[in-house]
Amino acid sequence: MNRIRLLPESVANQIAAGEVIERPASVVKELVENALDADARRITVEVQAGGRSLIRVTDDGVGMSRDDALLCLERHATSKIQRAEDLAAITTLGFRGEALPSIASVSRFTLVTRERDAATVEATQVNIAGGKILDVRAASGPPGTTVEVRQLFFNLPARRKFLRRVETERAHIQHYLLLAALAFPEVGFTFIHDGRVVWQLPPLPRAVDAPAQRAALRERLRALYGAELNLLAVDFTGELRPAAMPDPGEAWEEEPLEAPAPARRVSTLRVWGFLGAPGVSRATREDQHLFVNRRPVENRGLNHALLEGYHTALMKGRYPVCCLFLELDPAAVDVNIHPAKREVKFHDERTVRSLVTQAVRRTLLAFHATREKSEVGSQLPEAGNPTPARTDAQTAPAAALSPEPRPLEGLLGPAATPPAPSGESGLRAPEPETAPRNARPGPELPPPLLAPVAAPASGLRHAAAPLPPQGAAGPGPAGPVPLLQVPLRLVGVIGRLYVVLESDRGLVLMDQHAAHERVLFEQMLARLEQGPAPCQRLLLPETVEVSARDAAWLRGLLPVLTRLGVSLREFGERTFLLDGLPPFVRGGDPRQFVLELVDALRAAGSEVNPLRLGEEMVAKTVCRHAVKARDPLQGPELENLLEDLRRCAMPYTCPHGRPTLIEFNYRELEKRFGRSA
Amino acid sequence: MKLTVTKEQFAQGLQAVQNVIGTRSTLPVLSNVLLQAEGEVLRLTATDLDICVACAVTAKVNRPGATTLPAKRLSEIAREAATTDLDLDVDERNVCTLCSGPSRFRINGLPAEEFPPIPVIEDRGVIQLPQGTLKKMIRQTAFAASTEESRYVLNGLYFSFKDHKVTAVATDGRRLALTEEEAEFDGNAEVEFIVPSKAVAELGRLLQEEGQVELRYAENQAQFTLLPGIAGATVLTTKLVEGTYPNYQQVIPRECRERVTLSREEFLHALRRAEIMTSDKNSAVKLNFARNQLVITANSPEVGEAREVLSLNYKGTEFVIAFNPLYLADALEALDTDEVYFELNDELSPGVLKTNGPFLYVIMPMRTN
């Protein structure tokens, strides 16, 4: 007896719906993505009862002819790709051709569409219930497409049961729309829930260049979040490794994708958007929005890269606030991983991670760039043409920048250790030392001089890489001026802890302990950083056993570890022998130390910061040596402290991520005193 | 309980026991000292539940009995008392009336029954050592013990009794100190145990140059009975560190390429001076052995450098080895001989410091670049 049979199409569609359509928000996501792919200018999303009873998405996109309208309801029918090769380089948000039939199979579905550019003014209406076409008829309607989804999951009671409360479902929908609205500022979004307009976001002019893009995004952020957020602009371009040489460490992570691409062309990765200034953070990843080629994604690697970029500027357990766009060759990223396309895979994840880390770190560092640099920045009157100013900043750095930043040079490097911009100088994994030093203004500037030659030609893309702070500073008109670049006048000290300062913008409070901690921390790291670390040999070597996966990874790292002063040798398949530690690593179990190190290195990606090992110790020591809360300090001491803080690379937080400075601007004070409405 | 005791005896007794009392105890009776009067003797006992120290002083006992009184206050009174004799009278509610000449104190105590029972060690054999010998062994090894709490096995002094020899070893994983002495003990029992560092420190303080110490041990406890004591034995009982001590034998190099004789004091002071120029970044000093001379250098880029030259009798090959100067100085300081022998192989192998006596100190070098 035959027991295997083919399922009817309607059942197949319901199964597919199970993967793609999880909840009303998934419907909204699929429909809005279709609208965006259809080149819509305005999208209206109307939802009732959290999407249970009605979801209506209306766009003014290209629309469909009658035949298309019918065909689009077939599975795997799509206009977005044609051949298998297209899968390798997807430029649209959707491509699977599954969304509409899936949605139609689990709801009462109405599609009204009219071709934008067709001669006829007749629209087509298709009515479907549970996957069965009820009727197809001519209708009237504006150009574009309207999809109405009523009674979602009416034929799948099990699914319906899993729906949450109206508010929860609505929050999910709204969250997706927020992401879509951020990714597409040039599209107007209207969100109506239960007849009430929640959002009405006007379309912003389509951005033609980077500054306009940033301005549009900032405008969108303002519209969505209301109040002015303390955000820093990011714009950073780096090169992805062209070679397919699989690195030993992550080979296991990306085997199949890496193998058949021996001659991939060089592609660039651009990271742009906004991120929270030091001290701006949240307890969850809620406001951490990442987009890859305008697609909102979740990626653990990127999360880590972000945290790594912030590093000491963030308290433990806090997460950055950001809205970052990664733009790269669609061929270098695979979105065909997750049916709902929430996850993506990078072919060269390691480099992407390190570039994101660099972008974040540079932006944070640039936030406290020297005054000269901000002047260069302000010379950019119209944001439209950044090239000349950039070239300017590069060719004449010695003249413009030499007087002040001298002391900074020593200090800037260590704490931040911006790794090499792999853009111009290194195509391999970052080499922490050489390039950024050269890129910084100094007496001799050999390689970067090449950059300006390239810069005018290729504009932003190339200039951004070798010019760390400037490129990332994004001197957009809306960027906040760093607090420490404003002249501060010492008023006094309260509670023998908080130093009261006055700026031209209002009141500034400085935590003397936190500030001193930061200063000492950077000085100490600077001291530690010079040269490879010594290694105290152990009398009683310890065996450390790690998992097979970690073992392969650790094996590749042994030379790096040796340079860091950790002497680890292979001792069997999964066992290592630890027979030396850097002298500043004290206390604790050496074995524990290695295991923690493995975890930390894994989290930090390939980018091993040699100081990371000692950092905790340094932070602790520093805490002990820093002036305490009740230590009375005199005027000159405080001024010197402030001056030292100004010279720090990351002055706005202490090594534990607590803020060193708090600002109350006049507007805030006026509000408190009821002087302004 | 009613008795008269001299100020001197009382202070001495309290001095001996009160050190183990922790400053922050959640059990009030642990801040007290147990007083037991009987015959012509007043016994004082203090404990922190890990270590228990008891001693006896002479007293004129009018009415025997027992109580506990706050140790700290008692010892302050004993120190400040105006007359040589102290009269203690404790009533049944454990309130002590202490009179000394013009002064009169009423001190609230706690019943003796609340005091933790004094550990009893079943007699498995006694090991006898001169107090001076044990004291010296402790002095020459205890400093090398680890203070890292995560490696608790190393947080103490390892004792091994075997073949009529007692061996004491301490290590923190970077250096190791070892001494050996002849000892008499009945039977040919082989014993080994680890005495926690706090007990070792306490013992080092209590031990005198004269007299004998009797060592008894059980599964997880050891007892050191110091004779003659003040007016009878002073007894320290301690819990032992559980766990297996690492096999220290295997880290002791069996042979050496170079053996250098150094003047201990000279070497120590040169190291001390060189250490001034070390820093967090570079905590090593380099020992450069050349023909008939040893050059010690310390170099920290941001601080500066130091250079010390010692002349010595050296005919071997020229080589450089780096050490943490504190580790070397610790050992040199604990010794009292005029000369030490430094045995070395190459710049990555452990160095061994020896004396003419039964002392051995293994120290791991540092790798610098």
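Residue numbers start from 1 in every chain, and the chains themselves are labelled A, B, ... in the order their sequence lines are given, proteins ahead of strands. From a predicted model like this one, the values you see are computed outputs, not experimental measurements.
With hydrogens and angles left out, the side-chain atoms of B:Glu242 and B:Asn220 include no donor and acceptor closer than 3.5 Å.
Heavy-atom neighbours of B:Phe319 CZ from other residues, nucleotides or ligands within 6.0 Å: above the threshold of 12.
Neither the backbone nor the side chain of B:Ile363 comes within contact range of chain A; no heavy atom of the residue lies under 4.5 Å from a heavy atom of that chain. Looking at B:Thr171, only its side chain comes within 4.5 Å of chain A, counting heavy atoms on both sides. With a threshold of 4.5 angstrom between heavy atoms, B:Pro365 approaches chain A through its backbone and through its side chain.
For the pair A:Glu643 and A:Arg646, the salt-bridge criterion is met [side-chain N within less than 4.0 Å of a carboxylate O].
When atom types are taken as modelled, the side chain of B:Lys165 and the backbone of B:Glu181 share no donor-acceptor pair closer than 3.5 angstrom.
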